[in-house]
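Here is the structure we will look at, set down as C-alpha cells.
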Protein chains: 2
Amino acid sequence: MEKLTIKDIARLVGVSTATVSYYLNKNYSKMSKVTREKIRVVIEETDYRPNSVARNLAKNENKMIGVSVADITNPFTSAVLSGIYDACGSKGYQVVFTNASGSYQREAVNINKLRQEEVSGLIIDPVDPDNPIYKVLSNDTSVMLDRQSDSPKIDTIVTDNFKSVSVFTNKMIKSGYEELFFVSWPLGSISTRVKRYEGFLDATQYANNDHLVTFEDTLETVDLQEKLQTIMHKFPNKKIGFFAMNGRVLIKLLHAMQDLRLSYPEDYGVGAYEDLEWMGVIKPGISCIHQYSYEIGLKSVDNILKKIESGKNTNAKPKLIVMATKMVIRKSY
Amino acid sequence: MEKLTIKDIARLVGVSTATVSYYLNKNYSKMSKVTREKIRVVIEETDYRPNSVARNLAKNENKMIGVSVADITNPFTSAVLSGIYDACGSKGYQVVFTNASGSYQREAVNINKLRQEEVSGLIIDPVDPDNPIYKVLSNDTSVMLDRQSDSPKIDTIVTDNFKSVSVFTNKMIKSGYEELFFVSWPLGSISTRVKRYEGFLDATQYANNDHLVTFEDTLETVDLQEKLQTIMHKFPNKKIGFFAMNGRVLIKLLHAMQDLRLSYPEDYGVGAYEDLEWMGVIKPGISCIHQYSYEIGLKSVDNILKKIESGKNTNAKPKLIVMATKMVIRKSY
DNA sequence: CTGTTAGCGCCTTCAA
DNA sequence: TTGAAGGCGCTAACAG
C-alpha cells in the first residue's frame, strides 16, 4: 500500500516523468497514441492519484477557495455553504471553511489562516464587515456576502434588505395594523439590521426610534418580555404588529409572547425576515420574507472565480450585488 | 505586494534559510537569542507568512482533515460541523468539506476527491455507510458518524438510537397512549432509522409492522395524510400516539395532521428524535430526544487525531462509540 | 549556534 | 514524440 509517485508510474510504463505529467494535464498532443494508452492503463491498474499538494506547489495555484463563516449553526449559512460547495465542485475547486462563531477576533484569526493556506479565493460571510483585517484583502480574490461594509473594499452580495422590509411592512399597514414595531438584536452598525430597520421606517414613517425594540441575544427573554408587555398595555385598542429582524429573533419574540399568554394573529400580528422550515408548519403559519440563500452561495463563487480566472489585477472598484427576495404570506397577521 | 519567501526573510535578517526554518518550527534551541529576536522582528515587520503548501509537501503531512457530509442543510450536520471545526482549530488543522446532498454516487466522488487532496484524516457522515467506497478506507485515518455499517470497517460514532427511543416510547405508554405508531421515511437499511424503530418495537412489543408508517421524502404529503387518516379512523376511542423518526419527518407529520384538522395533544400525541430550535417555541412544545450533535463533532475529531498522531498502523478493529442523548419533555403528549 | 544541501512530488522549459 | 533538469517554498540531516 505504498504511496505511488509520478516516478513509479513513469518507470512502470517505461517513459519519463515528464510524459506522465503531460498525460495528467491532458497535454495529449505531446505523446503518441500508444504511450497515451499505456499510461492510461497503468494509472488505472495502480489506482494512482497525483499528489495535489505537490501539484499545487509546482503550479503555484491552489484549487481551493476559503470560506469564512460568521456562524455555521445559522440556517442561512448552511444554505449558502451548500450553494458555494455546488458551484465550487463543478469548477474543480475544493472548499475549506472556518467558523467565527460570532466573534470578530476569531474571524480575523480565521482569515489569516485561510490566507496562509494559499487559497486562491476568499468568500466571507462577515461578523463585522468593517473588521480591519479586510483592509488587506484584494478585491481580485475575495467577495463578501450578507453583511456589507460602510465603505466596501470588495464586491459584496446582499439581499434587498431595505426594499423587502419596506414592502412587507406596507402590507401589514394595509392589513390594518396601526402600531408597528421592529424587533431586533441591537442594531449596532450591522448593515442587515440597519437596512431592514430603515426599510421599516420607510414604510411606517416613524420619526424616532420609539418603535424599535432591541434586546440582547442571550438565553433569557425576560427583558424582551417586559418590553413587549409595556407595548401591549400602552395601546389597548389598537392593532399591534411586530416585525422580527430574523428567524431567531422571531423565536424569542414568540416565546416571550407565549409567556405573556398572547397569541397571534388574534392579539398581535407578526412577520419576519427569513423563511425557515418550521414557519410553514406551525399553527398559524408565519408570513415572512424569503431570501434565496443557496443562490447567494452560487453567486459568490461565480463572482470570485470570474475574477480569479480571468484578468489578473483588475482591481476594479467594488460592486454591490443585490439579490431579490420573495414575500411569503401566510397567516401570522 | 510580492509574496515573500523564506529566502527573502533569511536575506533580510542575514542568516540562512535553515535558521529561519528552525525559527518557524519553534526550534529555538538551535539559535542564539539575538538571531531569534532579529528574525522575530523581520517577520513581524514584513508580515511574512510561510507557504503552508510548501511546508506540507516538505513534511509530507497535510494539516487538513476532510469531511464528507451527507446533507449540509440538515441542522444536525451544521452542529456536527461546528464541533468538528472547533476541535480541529485548536489542534491546528484546517477542515475541507464536501456535500453529497443525499446522493451516494456523489458521496463516492467526494471521498475520492478528499483522498486525492492528501487530507490526513477523513470524517464521514455517510449517506450510505455500506458504500463500497469505504472498503478502501483505513481505520487509521478515518471515522464515521451518525449512520453505521452492518459490518463496520472503521470507528463509528452514533447516538444511542435504540435505547433512547425505547425509553421515550415507554414514557408515552405510561402516559396512557394505547396505540403507538412509528413514522419515518422508508427504513431501508439505514441504521439510524432501523435502530430507532427497533427501540420502538422494544417498548411497544408489537409483533409485526402494522404500526410502522413510512412515506417518501417528497414535497407532497397526501400519501402520508391518507395513512394517518386511516389510522385515526381505525381507533376512534383510543389514545393514539406517533413518534417521528427525525425533525423533518415531524414537520411533515404535523403538516398532514393540520390538514386533517387534528391537533396535538388533544387528538393525538407526538414525539420525535431530534431537538430543533422551533420545537420549544411552537404552541404545545414538542417532547423529543435531544442528541448532542456538537459533541459528536468534537468526539470524531478527537478519535481521528488520536489515531493519526499517535501510532502509525494500529489497524485496530473498529470501535462503536455510542453517545448518550437527553429526553426533553414538553407538552406534545 | 549556523550554513549547506539534498530532497518532498510534480511541472515545464529546453534539447534531442 | 520524448527525456533531462531546474524549480516551486520549505524541511531536516549533516557539517562546520
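Note: hydrogens, waters and symmetry copies are ignored here, and every other heavy atom, side chains too, is used. If you're wondering where the values come from, they're calculated on a predicted model, not measured in any experiment. Within every chain, numbering begins at 1; the chains are lettered A, B, ... in the order of the sequence lines, protein sequences first and strands thereafter.
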The answer to which of B/V53 and B/Y22 contacts DNA chain D further toward the 5' end, by nearest nucleotide, is B/V53
Are B/K153 and B/Y134 close enough that some pair of their side-chain heavy atoms sits under 4.5 Å apart? no
Do A/T159 and A/I296 come within less than 4.5 Å of each other through their side chains, counting heavy atoms only? yes
Which pair of non-hydrogen atoms, one from [X] and one from [Y], has the smallest distance, and what is that distance?
| X | Y | answer |
| --- | --- | --- |
| B/Q148 | B/P129 | O-CG, 3.4 Å |
| A/N62 | A/E117 | ND2-O, 3.1 Å |
| B/E107 | B/D125 | OE2-O, 4.1 Å |

For the residue pair A/F97 and B/F97, does the interplanar ring angle fall in the parallel (under 30°), tilted (30 to 60°) or perpendicular (over 60°) class? perpendicular
Sorted by position of nearest nucleotide on DNA chain C, 5' first, the leading residue of B/S32 and A/I6 is B/S32
Both A/A58 and A/K7 contact DNA chain C. Taking the nearest nucleotide for each, which residue is further toward the 5' end?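 By nearest-heavy-atom nucleotide position, the 5'-most residue is A/K7.
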What integer distance in Å separates [X]:[atom1] from [N]:[atom2]?
| X | N | atom1 | atom2 | value |
| --- | --- | --- | --- | --- |
| A/K63 | C/dC10 | NZ | P | 18 Å |
| B/L57 | D/dA12 | CG | P | 12 Å |
| B/D8 | D/dC8 | CG | C1' | 13 Å |
| B/Y23 | C/dG3 | OH | P | 16 Å |
| B/E61 | C/dG7 | CD | P | 21 Å |
| B/N62 | D/dC10 | CG | C1' | 14 Å |
| A/N60 | D/dG6 | CG | P | 21 Å |
| A/N56 | D/dC10 | CG | C1' | 15 Å |

Under 4.0 angstrom, heavy atoms only, what part of the nucleic acid is [X] near: base, sugar-phosphate, or nothing?
| X | value |
| --- | --- |
| A/S52 | nothing |
| A/Y48 | sugar-phosphate |
| B/K30 | base |
| A/N25 | sugar-phosphate |
| A/S21 | base |

To the side chain of [X], which of [options] is closest?
| X | options | result |
| --- | --- | --- |
| A/S16 | D/dG3, C/dG3, C/dG9 | D/dG3 |
| A/K59 | C/dT5, D/dT2, C/dC11 | C/dC11 |
| B/T5 | D/dC10, C/dG9, C/dT13 | D/dC10 |
| B/A54 | C/dT2, D/dT11, D/dG9 | D/dG9 |
| B/A18 | D/dC10, C/dG3, C/dC11 | C/dG3 |

Just to confirm, is there a sub-4.0 Å distance from OP1 or OP2 of D/dT2 to any side-chain nitrogen or oxygen of A/T35?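 For A/T35, the contact criterion (side-chain N or O under 4.0 Å from OP1 or OP2 of D/dT2) is met.
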